[in-house]
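This report refers to the structure that appears directly beneath it.
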Amino acid sequence: METNAVEKDAKRIHEVTGRPMAECEEQAKQIAECVREMCDSVVEFFYLKKDGTTRQAFGTLQHEVVIAHVTSQPSKEPNPDLVTYFDTEAQAWRSFKKVNFKSYVA
């Protein structure tokens, strides 16, 4: 994710949560790092679910893993407020709102 995308994510997180911009920038950087790492390996990360509980996830975006699970081109534009990943435990696609991201294990 490029710097401009991190800035956009930070602004959006700030708009939604009202938290200080510095916190939102740090969260956006963490999300970008997590996504970058998912491109190379399986990453453990945490986010808040809709019901308010914390979800521990193991996800990846590694080409050799996800290619077998891509059946067609997406029918719509990706939602910039979401992170979509392949859940290696459930063997299924999942997503979460960027504002709900908590942390990842580097």
Mind checking whether [X] and [Y] have side chains closer than 4.5 Å, heavy atoms only?
X     : Y     : result
Leu82 : Lys97 : yes
Thr54 : Tyr47 : no
His14 : Glu23 : no
Lys98 : Val83 : yes

Nearest 0.5 angstrom please: [X] [atom1] to [Y] [atom2], how far?
X      : Y      : atom1 : atom2 : value
Glu44  : Ser103 : CD    : OG    : 8.5 Å
Glu33  : Met38  : CD    : CE    : 12.0 Å
Ile13  : Arg19  : CD1   : CZ    : 6.5 Å
Lys102 : Ile31  : NZ    : CD1   : 13.5 Å
Glu15  : Cys24  : CD    : SG    : 10.0 Å
Glu89  : Gln56  : CD    : CD    : 7.0 Å

Check: Would a line drawn from the ring center of Phe45 to the ring center of Phe96 be shorter than 6.0 Å?
Finding: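 They qualify: ring centres under 6.0 Å apart.
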
Notebook entry, point to check: So, Lys8 and Asp81, do they make that salt bridge, N to O below 4.0 Å?
Noted result: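 Not counted as a salt bridge, because no side-chain N and carboxylate O are separated by less than 4.0 Å.
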
Report whether [X] and [Y] are members of the same hydrophobic cluster (ILVMFWY, side-chain heavy atoms less than 4.5 Å apart, transitive linking).
X      : Y      : answer
Val43  : Trp93  : yes
Val65  : Tyr85  : yes
Val105 : Phe101 : no

Looking at every heavy atom in both [X] and [Y], which two are closest together, and how far apart are they?
X     : Y     : result
Phe86 : Leu61 : N-CD2, 4.5 Å
Arg94 : Asp87 : CG-CB, 3.7 Å
Asp9  : Ala28 : CB-CB, 3.9 Å

Notebook entry, point to check: Does the side chain to side chain contact (heavy atoms under 4.5 Å, CB included) test come out yes or no for Gln62 and Val42, once each step is laid out?
Noted result: CA-CA 8 Å; Gln62 288 175 283; Val42 175; 4.1 Å; yes

Notebook entry, point to check: In chain order, what residues pass the side chain to side chain contact (heavy atoms under 4.5 Å, CB included) check against Ala106, with sequence neighbours excluded?
Noted result: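 Result, side chain to side chain contact (heavy atoms under 4.5 Å, CB included) vs Ala106: Glu37, Tyr104.
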
Notebook entry, point to check: Side chain of Glu25, backbone of Ala10: donor and acceptor closer than 3.5 Å?
Noted result: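 No; judged by distance alone, with no hydrogens or angles, the pair does not exist.
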
Notebook entry, point to check: When you measure from the side chain of Thr60 to the backbone N and O of Ser41, does any donor-acceptor pair fall under 3.5 Å?
Noted result: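 At least one qualifying donor-acceptor pair exists.
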
